[in-house]
There are 2 protein chains.
Amino acid sequence: MSKQAGLPVLEQDEAVCCAPMVREPLGEEAAAELSRMFKALSDPIRLRLLSLIASHEGGEACVCDLIGPFDVSQPTISHHLKVLREAGLVGSERRGTWVYYWVLPEALAKLSALLEIPAVSAKAPA
Amino acid sequence: MSKQAGLPVLEQDEAVCCAPMVREPLGEEAAAELSRMFKALSDPIRLRLLSLIASHEGGEACVCDLIGPFDVSQPTISHHLKVLREAGLVGSERRGTWVYYWVLPEALAKLSALLEIPAVSAKAPA
DNA sequence: AACTTGTTTCGACGTCTATCGATACAGCCG
DNA sequence: CGGCTGTATCGATAGACGTCGAAACAAGTT
């Protein structure tokens, strides 16, 4: 790897990402993984689901709490939850009759950090 | 325009969003607008384009700088840039022969704030 | 065991998206 | 002016995605 650090280098997270993208171009792998997460956020229903789960009392919600607010069928909600889970944004567990979902904060933090603007801006508006 | 600069304007939550979604559920409108932005980020090429633009010297890059790093055709890159522009993530301008793109920092900041985890975790006592 | 309620999976359908090659448009230069 | 280079648009096509109803699966109740 001939990568010698004179600089903090970061080595940030495990494999992929997490310094602001404004700092240096994303590699292909990092972009692929991150785009999968953003894709999970690219649907309004999933975005609302995520915020419902995150803001729910106790930090988790059962599916039964999540179908009411939407106009789509229950299987559709289940599908969206699966997408969020497979993107690594939420975790889930069955407890008795109900299945509970909660947000995985590290995932959100990762995306948030990526989009962060380091200093003043990338470019000042004219 | 009675808008004179003293501050970077901000005004963020005008209609839509911007407190961490962990705090309170997103409304339908907010979710719709935000999902459009995330959709623009849901493609690896667009993600890399954005980071290339953002990290480019001077905070902006011309299209000619952006086609080299990718395996796709020039029209495809142009298409992706259009998607980023229509999502409000980048601005562009023609200067002579070349067209330049730059990141709109407020847009990234908005998304970043949305995904931010307020305190320790999603769990908040009532 | 049979019934009931909560959740996921399956198969199908229409729409949206990424990509391409061809082509049109915009400025520069000889 | 005519040609050249950089960029955007167009039309077509293959694949992905959101949605549904039906059916399967899971756990509790009678």
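A quick note: this is a predicted structure, and the numbers were derived from the prediction, not measured. In what follows, chains are A, B, ... by sequence order, proteins preceding strands, each numbered from 1.
- Residue contacts for A/Arg46: at a heavy-atom cut-off of 4.0 Å it reaches the sugar-phosphate backbone alone, with no base atom in range.
- At a threshold of 4.0 angstrom between heavy atoms, the contacts of B/Ile77 with the nucleic acid are absent.
- Atom P of nucleotide C/dT5 and atom CD1 of A/Ile67 are separated by 13 Å, given to the nearest angstrom.
- Taking atom CG of A/Asp43 as the reference point, atom P of C/dT15 lies 17 Å away to the nearest angstrom.
- B/Glu33 and B/Lys110 are joined by a salt bridge, as a carboxylate oxygen and a charged side-chain nitrogen come within less than 4.0 angstrom of each other.
- Protein atom CH2 of A/Trp98 is 12 Å distant from nucleotide atom P of C/dT5, rounded to whole Å.
- A/Tyr101 comes within 4.0 angstrom of the backbone, heavy atoms only, and of no base.
- If you measure from atom NE2 of A/His79 to atom P of C/dG11, you get 16 Å, rounded to the nearest angstrom.
- Counting only heavy atoms from C-beta outward, the side chains of B/Leu89 and B/Val83 never approach each other to under 4.5 Å.
- Both A/Lys39 and A/Thr76 lie near DNA chain D, and the one whose nearest nucleotide falls closer to the 5' end is A/Lys39.
- Rounded to the nearest 0.5 Å, atoms SG (B/Cys62) and CD (B/Glu93) are 13.0 Å apart.
- The pair B/Glu60-B/Arg95 counts as a salt bridge, with a side-chain nitrogen and a carboxylate oxygen less than 4.0 angstrom apart.
- For the pair A/Glu86 CD and C/dT8 P, the interatomic distance rounds to 12 Å; values are reported in whole Å.
- Rounded to a whole Å, the CG atom of B/Asp71 is 14 Å from the C1' atom of C/dA18.
- Nucleotides of DNA chain D lying under 4.0 Å from heavy atoms of chain A occupy a range whose first and last members, 5' to 3', are D/dC17 to D/dG28.
- Computed from coordinates, the A/Arg94 CZ to C/dT5 P distance equals 16 Å when rounded to whole Å.
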